[in-house]
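Written out below as structure tokens is the structure these notes cover.
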Amino acid sequence: MKTKILEQLRNSEAEMLQFLEQLVNIDSGADALDGISQVARTIGAFLAPLGFDVQYLETPDAPVQLLARRARAGKKQVLFSGHMDTVFNKGAAAARPFKVEGGRAYGPGVLDMKGGLVMALQVIKAMVASGWEETDMTVLLCGDEEMSHPFTDAVNQFKKAGAGKDAVFNLEFGRVDGSVVTGRKGTTRPTLVVEGIAAHAGNEPEKGASAILELAQKTVAIHALNNFELGTTYNVGVFSGGTMANIVADKAVGEVDVRFKTIAEAEKSIADVQRIVETNYVPHTKTTVTGNVIKFMPFETTLGVQRLYEHYASQAEKLGLAKPGQQYVGGASDAAWPAMTGAPTLCGVGPCGAGAHSDSEYIEVATLTERALLLASCIMELDEL
């Protein structure tokens, strides 16, 4: 049966490209809730005939989530996780529709991450169609990963779905060199708003309280928190304030990016930013902060994560494929949430390519089949884990 499944996947490239074209040509950015819903229902219609119980988790005025399960009591439990949204606004699909040129597939979201969705769905189809009954399979896809889940309970859904699984595969894209991802930093994105007192900078500067000076002091203090040895980084990436050079600024805004490798550092970063917010450098100024909450926890490289990677990599040798490397990356993903429950988790198992979040993003078409073979083999041999 394993041979039959792998052979079916080797002959599935045309079918995958056809389905990928369908998904890529649906706008599913933050301003296209209807498009995200269309992607979800297209995938749901694919899974239902394969014996999946398909649910659409709705939140008013927010992107839909898809939860589907093909339960098999007593069998190895696997979660396929990912997202259906892209970073591109309405009109992107019409302006840059799906195309294949020179062995590469292009289009909005083709890499991040509709290619991974299509690849996993083909793996599921090949296994089910061949009569594979040894895996309890769950698919959980959110619609707001690129937005960091501001309006849905996706985080809790990923934790709930991941708890107790034997393996979790996040379908983000593989790196150009074939590497998968075994660790990611978490993030927070606090915004500081400083209110000062305006005054004429020439006539009565002593009557003012500079919001810009206060934010500048806070910026220096925030950057002093950088701990490159631990991998915790702080960056005030946007700094704005004031209206004219001859007016003491009565308002200033700073947007901060914070990244960390461990849950302990995540919690510490929240407290450290809050301490700086509450520290007053310029008398008569006032600072408030929004967004000083964890958007993504770090995806920590646990023993379970490392063992799943080694199992995944070992399948490449069996298939005659190059062994995929592993990378730790700074960008966050939803792989963090099931990993927090202790589930062995691997990220970046989708097809390989480059240019994520840009108009030039692409996948190497050949890797659709290669990564499908690797994923299927990894799942069918989970007893080796």
Side-chain angles (χ1 to χ4, degrees), residues 30 83 85-88 111-112 144-150 155 172-173 175 181-196 210-242 249 251-282 285-301 327-337 339-340 347-348 354-359 361:
H83 64 88
D85 58 321
T86 74
V87 299
F88 302 103
L111 178 71
D112 189 13
D144 58 353
E145 190 264 1
E146 300 292 3
M147 297 174 264
S148 305
H149 315 303
V155 170
E172 291 282 3
F173 58 92
R175 272 41 194 176
V181 177
T182 53
R184 291 177 178 269
K185 288 187 177 183
T187 64
T188 67
R189 290 281 176 83
T191 296
L192 279 60
V193 177
V194 182
E195 297 178 16
S210 175
I212 285 180
L213 180 57
E214 176 71 10
L215 182 58
Q217 300 272 26
K218 283 178 159 60
T219 297
V220 171
I222 287 171
H223 278 258
L225 296 172
N226 275 295
N227 188 326
F228 300 117
E229 183 177 350
L230 289 179
T232 306
T233 60
Y234 297 77
N235 182 59
V236 181
V238 176
F239 188 117
S240 62
K251 186 175 181 179
V253 178
E255 297 179 28
V256 189
D257 178 275
V258 186
R259 296 183 186 252
F260 30 77
K261 286 187 173 182
T262 66
I263 294 171
E265 280 292 292
E267 294 170 348
K268 181 177 181 295
S269 75
I270 298 295
D272 284 346
V273 169
Q274 186 62 39
R275 173 176 52 80
I276 291 171
V277 167
E278 295 173 0
T279 300
N280 191 249
Y281 300 90
V282 177
T285 60
K286 177 184 177 181
T287 304
T288 57
V289 63
T290 58
N292 191 28
V293 295
I294 296 168
K295 286 185 174 291
F296 282 95
M297 275 294 189
F299 169 33
E300 295 193 34
T301 310
Q327 287 191 19
Y328 190 103
V329 299
S333 90
D334 286 322
W337 312 118
M340 285 179 65
C347 191
H357 293 196
S358 77
D359 290 355
E361 75 172 301

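The chain is numbered in sequence order, starting from 1. Please read all numbers here as calculations on a predicted model, not as lab measurements.
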Report yes if some heavy atom in the side chain of [X] is under 4.5 Å from a heavy atom in the side chain of [Y]; otherwise report no.
X	Y	answer
Y281	L213	no
F88	D359	yes
T86	E146	no
R189	D257	yes
I222	V256	yes
R275	L225	yes
N292	V277	no
V155	F296	no

* Tell me, please, which residues at least two apart from T288 pass side chain to side chain contact (heavy atoms under 4.5 Å, CB included). => V193, K286

I'd like to know if the side chain of [X] reaches the main chain of [Y], judged simply by a donor and an acceptor atom lying under 3.5 Å from each other, with no hydrogens or angles considered.
X	Y	result
R259	G330	yes
T301	T182	yes
E255	V238	no

Minimum heavy-atom separation for [X] and [Y], please, with both atom names.
X	Y	result
V258	S269	CG1-CB, 3.8 Å
E300	K261	CG-O, 3.6 Å
Y234	D272	OH-OD2, 4.0 Å
G254	V236	CA-CG1, 4.4 Å
M297	A266	SD-CB, 4.2 Å
G242	A249	CA-CB, 3.7 Å

Rounded to the nearest 0.5 Å, what separation is found between the [atom1] atom of [X] and the [atom2] atom of [Y]?
X	Y	atom1	atom2	answer
K218	T287	NZ	OG1	3.5 Å
D112	E145	CG	CD	6.5 Å
K251	L215	NZ	CG	12.0 Å
Y328	K185	OH	NZ	7.0 Å
E267	T262	CD	OG1	9.0 Å
T219	I276	OG1	CD1	9.5 Å

* Asked: Is it true that the side chains of T285 and N280 contain a donor and an acceptor less than 3.5 Å apart?
  -> yes

* Structure fact -> Sequence neighbours excluded, the answer for side chain to side chain donor-acceptor pair (under 3.5 Å) partners of E265 is T232

* **Partner set under side chain to side chain donor-acceptor pair (under 3.5 Å) for S333, not counting sequence neighbours** => R184

* Where do V181 and R175 land on the side chain to side chain contact (heavy atoms under 4.5 Å, CB included) test, with the steps shown first? -> CA-CA 8 Å; V181 177; R175 272 41 194 176; 3.7 Å; yes

